[in-house]
Amino acid sequence: MEENLKEKLMMKKEKGWLSVNDEEREKIFRFSDGYINYLNIAKTEREAVAHVRKVAEEHGYRDVNTVEKLEPGDKVYYINREKSVYLAIIGTEKMENGLHIIGSHIDSPRLDLKPTPLYEDTEFAYFKTHYYGGVKKYQWTTIPLSIHGVIVKPNGEKITVNIGEDESDPIFTITDLLPHLAQDQMKKTLAQGIEAENLNLLVGSIPYNDKDCSEKVKLNLLNILNQKYGITESDFQSSELELVPAFKARTLGFDWGMVAGYGQDDSACAYTSFTAMMELENVKNTAVCILSDKEEIGSMGNTGMESHVFDYFISELLNKTGENRPNLLDKVFCYSKMLSSDVDAGVDPIYAGVHDKTNNSFVGNGIAMAKYTGARGKSGASDANAEYVAWMRNMLETNNIKYQVAEMGKVDVGGGGTIAYILANKGVDVIDCGVPVLSMHSPYEVSSKFDIYEAYRTYKAFWQV
Ligand code: MN
Ligand code: MN
């Protein structure tokens, strides 16, 4: 009797894996193989965009700029300066009855090269770096790093760089002090132990064979770079070169249940939403997938979500479906629904002290919805309406998707934010909804294959409502 009452009234806390049979587990593992492959081929925003363009075109998506007129079922994309992309399938409903938007980001914390990066010291050649996003600097020393990005010459010629990923490539690394001589360093705080100006990438050591010149190692390096890429030292000034971990994403655990890899914030949500969109055909509400840039540094700039480029994309859809009239864009946003699909901080039992176990998400327990983010007294939070959370719960329960409603960490321990508030400010109903991870923002983040699959199912179901 009492057991029945408990069953009826208490929230169930069953681990996600216990809710799937062997066949479903195989399906989850197969889906994760695709995810792991994506993590390895799309480590930067530009690589993600190139991949998305290719796959989207294979699935019948066309560049919206090349389309005159749009009808329900039409699939289009818009690429913003090779660093962010929006995709849409036109629904059978008018757009003014609301879009169903899922927005994630394809930039991840990393180290960028400074505009004049190359220098020589004591017959070593180095690249100076400037970190991008919230990194714990000590985590970026003594690991293999690869260099990704572009160098653009004044004549417009663009050179794509990707070195350190292939087994036959060299890799690069940032050195750290040996413990034997680190007495003073070890007394510093973790934040101060490795200084930003010491995050210098070791890139070479062989001097140019000319006894009359100085900076022989630097010169040898420039000579190699000139032969390989046709560049001179000045060309670094118009480059975007990003250092990311060179190691591969892998399955983690004897039971094969988890994924370890760089950039899961926010590839976990970008890959799952994009993959779901590629499987959609006809939708009622126009389905929109946002893959944004610059989230990790505040969403500013013309490729960040704060820019008006997204409004322009939606206006173009309205123009080309023939729906547009003055001020319609505002109405479209006010009637739209969105999932801000970004990762959440899963409870890490080793650091249990920062978590509220009754209100934080657990890795392996399904998709995590954060009603609000922000810090301290919900400062800067986009707080989803109870009505919208209820709508989401109904959608998830109807589709038998495992979910958890959570916030990040204990109150007053820290905080964070996503692109949620940007769309919410336009009038869209938005809730944060993504995959819980461990070691977020580190070179090797951890997620559960179960949650990756539930994220994919959530996004697909959201668009199919
Ligand atoms: Mn994120
Ligand atoms: Mn992040």
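Predicted model, so just to flag it, every value in this text is computed and none were measured. Order of appearance sets the numbers: ligands from 1, and atoms from 1 within every ligand. We're numbering straight along the sequence, starting at 1.
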With sequence neighbours left out, what residues match D235 under side chain to side chain contact (heavy atoms under 4.5 Å, CB included)?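 Here the qualifying residues are I151, K153, P154, I231, T232.
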
Residues D112 and R110 bridged, charged N to O under 4.0 Å: yes

Check ion pair K402-E454 (N to O, under 4.0 angstrom):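 So K402 does not pair with E454 through a salt bridge.
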
May I ask you to determine how many protein N/O/S atoms are under 2.8 Å from the Mn ion (ligand 2)?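 Total protein N/O/S atoms under 2.8 Å from the Mn ion (ligand 2): 4.
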
Parallel, tilted or perpendicular, judged at 30° and 60°: which one describes the rings of W17 and F29?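 Correct class here is perpendicular.
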
Would you say that K410 contacts V354 through its side chain, given a criterion of any heavy-atom pair below 4.5 Å between the two side chains?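 No - every pair of side-chain heavy atoms lies 4.5 Å or more apart.
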
Test the K27-Y453 pair against the cation-pi criterion, namely NZ or CZ under 6.0 angstrom from the six-membered ring centroid and within 45° of the ring axis. no

